[in-house]
Amino acid sequence: MKAAAFAYARATSVAHALELLTAHGETAKVLSGGQSLLPAMNLRLISPEFIVDIGDLAELRGVTVEKGILTIGALTRHADLLKSHEIAVHAPLLKEAVAHVAHPAIRNRGTLGGSLAHADPASELPACMLTLGATIIARGPGGERRLPATEFFTGIYETSLAPQELLVAVELPVAAKGTTHFFHEFARRHGDYAIVGLAAKADVRDGRFADLRLGFFAVGDRPVLAGSAAKLVDVAVTPEVLTEACSALDEELDPLEDHQATSAMRRHLAKVLLARCVLSLLGRSDLQAGVSV
Ligand SMILES: Cc1cc2nc3c(=O)[nH]c(=O)nc-3n(C[C@H](O)[C@H](O)[C@H](O)COP(=O)(O)OP(=O)(O)OC[C@H]3O[C@@H](n4cnc5c(N)ncnc54)[C@H](O)[C@@H]3O)c2cc1C
């Protein structure tokens, strides 16, 4: 199938893009890498009347580090994130996660901003933003808004971005010395969307979690920063404590059913991931016996 007819303009600056979005309102769509937008248009799942191509806006591309903050431009491609020294050093979880996004051809065009604005609940990068405590920066006709990632994702393919706003950048605190991470997803094949995934970050001191952030994806209509993590922080983790934390996930996750998995299967896989994550981050294979998921 081919997309329905649409008008097209290539923005020459952020201000120009905002003018175009303001003029065309809800009938317009931003085009970044096109890896989600164009398939959706070709399948006629959406038919925007006006496309604002921001692909030439070099000011929205790149990674910088200043005063403990890593800033990533919205147009930074997945392939650039994978190659970036700054990402490898200051956000190693993100680097590991990006390797699971689709395939090289898609990573060569797809962008961080596009992935976040698209807000697929099975995507890796939105969950990483929750885990890493990201601030998402949006610019619109009224100026700039800074949104905590926890307030950005509002539903399946829904965010708190207004139709006239552009996602321009993401800020992440650089990884503190001594923090570790865990990333794993269950997928049918490498590069497929996850059936369930977990992006976690931890500060482990004297064999205990001083801090633990658990970003689950493909477990509901949006990524989830699981409060169950609190049950594992500042305590001696025993099989009973871990079992309780896994059970607590039942309250927090609301997985959807689709052709890949039932809701019950997704709940089970999320608990398996949590148990594996804790074993791995604490280096405690002894916990395995006695944990019930
Ligand atoms: C075969 C295949 C497999 C895939 N597998 C995965 C996967 O495993 N994991 C995964 O996460 N994704 C996957 N994807 C989806 C894709 O990789 C990402 O969604 C993509 O990278 C989005 O970035 P983009 O720049 O291409 O966005 P686009 O397609 O250009 O845009 C996506 C949406 O975001 C909006 N948008 C884009 N940029 C902005 C901005 N700066 N401000 C405001 N709105 C904006 C657009 O209007 C559109 O609605 C897959 C895609 C394909 C085709």
Side-chain angles (χ1 to χ4, degrees), residues 3 6 8 10-11 14 17-18 20-22 24-43 45-61 72-82 94 96-129 136-140 144-145 147 152-153 156-170 183 185-197 199 215 217-218 222-223 260:
F6 58 89
Y8 169 96
R10 188 177 290 236
V14 170
L18 295 178
L20 292 166
L21 288 174
T22 304
H24 294 276
E26 300 205 2
T27 63
K29 273 280 181 192
V30 174
L31 173 66
S32 286
Q35 299 306 296
S36 291
L37 181 63
L38 298 183
M41 286 171 65
N42 287 340
L43 291 168
L45 297 173
I46 52 168
S47 300
E49 291 170 17
F50 198 91
I51 293 295
V52 179
D53 184 348
I54 62 167
D56 278 353
L57 305 184
E59 64 210 273
L60 297 184
R61 210 181 290 283
I72 311 172
L75 272 184
T76 309
R77 293 189 175 125
H78 304 316
D80 297 327
L81 294 174
L82 271 178
L94 187 57
E96 192 170 338
V98 173
H100 292 263
V101 175
H103 311 284
I106 291 161
R107 294 198 294 264
N108 283 338
R109 302 289 317 170
T111 66
L112 175 63
S115 173
L116 302 183
H118 187 56
D120 188 316
S123 275
E124 294 81 0
L125 305 189
C128 289
M129 296 300 117
I136 291 168
I137 304 177
R139 211 174 292 161
E144 202 158 274
R145 289 199 299 147
L147 302 151
F152 185 75
F153 303 101
I156 302 180
Y157 308 127
E158 280 179 14
T159 70
S160 45
L161 276 180
Q164 302 82 2
E165 280 182 315
L166 267 188
L167 194 166
V168 291
V170 164
F183 182 90
E185 67 179 35
F186 291 113
R188 288 197 182 267
R189 296 167 306 185
H190 185 89
D192 281 4
Y193 275 106
I195 298 172
V196 173
F217 50 104
R222 66 195 81 177
Q260 296 213 83

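Counting convention: from 1, in listed order, for ligands and their atoms alike.
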Report task. Considering only non-hydrogen protein atoms, determine which one is nearest to atom 32 (C) of ligand 1 and report residue, atom name and distance to 0.1 Å. Result -> Gly114 O, 3.8 Å
Query raised in the report: Nearest protein heavy-atom contact for atom 18 (C) of ligand 1: which residue, which atom, what distance?
Result: Ser36 OG, 3.4 Å
Got a list of side-chain donor-acceptor pairs under 3.5 Å for residues 116-128, not counting sequence neighbours?
{"unit_1": "Asp120", "atom_1": "OD1", "unit_2": "Ala122", "atom_2": "N", "d": "2.8"}

**Report entry** Contacts of type salt bridge (charged side-chain N to carboxylate O under 4.0 Å, His left out), residue Arg189, not counting sequence neighbours
**Finding:** Asp192
Query raised in the report: Would a 4.5 Å heavy-atom cut-off, applied to side chains only, mark Pro163 and Leu21 as touching?
Result: no
Query raised in the report: By number and element, which atoms of ligand 1 are closer than 4.0 Å to a non-hydrogen atom of Thr111?
Result: 21 (O), 23 (O), 24 (P), 25 (O)
Report task. Below 4.0 angstrom from a heavy atom of His78, which ligand 1 atoms are there? Numbered from 1 as shown, please. Result -> 20 (C), 21 (O)
Requested in this report: Assign the ring pair Phe183 / His100 to parallel, tilted or perpendicular, where the plane angle (0 to 90°) is split at 30° and 60°.
Outcome: tilted
Query raised in the report: What protein heavy atom is closest to atom 4 (C) of ligand 1, reported as residue, atom name and distance in Å?
Result: Ala102 CB, 3.4 Å
Query - Candidate with minimal heavy-atom separation from atom 40 (C) of ligand 1, of Leu167, Leu31, Leu37 - result: Leu167
**Report entry** Euclidean distance, Leu166 CG relative to Leu18 CG, rounded to 0.5 Å
**Finding:** 5.0 Å
Query raised in the report: Within less than 4.0 angstrom of ligand 1, does Arg107 place any heavy atom?
Result: no
Report task. Check if Asp120 has a non-hydrogen atom at a distance under 4.0 Å from any atom of ligand 1. Result -> no
Requested in this report: Any chance you could measure Ile106, atom CD1, to Arg77, atom CZ, to the nearest 0.5 Å?
Outcome: 14.0 Å
Query - Glu59, CD atom: more than 12 neighbouring heavy atoms under 6.0 Å - result: yes
Report summary line: Near Asp192 (heavy-atom distance under 4.0 Å), the atoms of ligand 1 are 8 (O)
**Report entry** Gap separating the CG atom of Leu161 from the CD1 atom of Ile136, nearest 0.5 angstrom
**Finding:** 8.0 Å
Query raised in the report: Taking C-beta and beyond as the side chain, do Glu49 and His24 meet within less than 4.5 Å on heavy atoms?
Result: no
Report task. Return the residue, atom name and 0.1 Å-rounded distance of the protein heavy atom closest to atom 6 (C) of ligand 1. Result -> Tyr193 CZ, 3.5 Å
Query raised in the report: In ligand 1, which numbered atoms sit nearer than 4.0 Å to a non-hydrogen atom of Leu161?
Result: 43 (C)
Requested in this report: Would you indicate whether the side-chain heavy atoms of Glu185 and Val196 approach each other to under 4.5 Å?
Outcome: no
Query raised in the report: Given Ala117, Ser115, Ala218, which has its nearest heavy atom closest to atom 34 (O) of ligand 1?
Result: Ala117
Query raised in the report: Which residue and non-hydrogen atom of the protein lie closest to atom 11 (O) of ligand 1, and at what distance in Å?
Result: Ser123 OG, 2.7 Å
Query raised in the report: Quick one: nearest non-hydrogen protein atom to atom 46 (C) of ligand 1, plus distance?
Result: Val30 O, 3.0 Å
Report summary line: among protein heavy atoms, the one nearest atom 51 (C) of ligand 1 is Gln35 O, 3.8 Å
Requested in this report: Taking all heavy atoms of Ala74 and all of Leu167, pick out the closest pair and write down the distance.
Outcome: CB-O, 3.1 Å
Query raised in the report: Measuring from Glu144:CD to Glu165:CD, what's the distance to the nearest 0.5 Å?
Result: 10.0 Å
Requested in this report: Kindly compute the distance separating CD1 (Ile51) from CG (Leu38), expressed to the nearest 0.5 Å.
Outcome: 7.5 Å
Report summary line: atom 52 (C) of ligand 1 sits nearest the protein heavy atom Ile106 CD1, 3.4 Å
Query raised in the report: Quick one: which ligand 1 atoms are inside 4.0 Å of a heavy atom on Leu166?
Result: 42 (N)
Query raised in the report: Can you check whether Ser32 has an N/O within less than 3.5 Å of an N/O in ligand 1?
Result: yes
Query - N or O pair under 3.5 Å between Gly113 and ligand 1 - result: no
Requested in this report: Could you establish whether Ile54 and ligand 1 come within less than 4.0 Å of each other, counting only heavy atoms on the residue side?
Outcome: yes
Query raised in the report: Hey, which atoms in ligand 1 end up nearer than 4.0 Å to a heavy atom of His100?
Result: 8 (O)
Query raised in the report: Counting from 1, what ligand 1 atoms have a heavy atom of Gly191 closer than 4.0 Å?
Result: 5 (N), 8 (O)
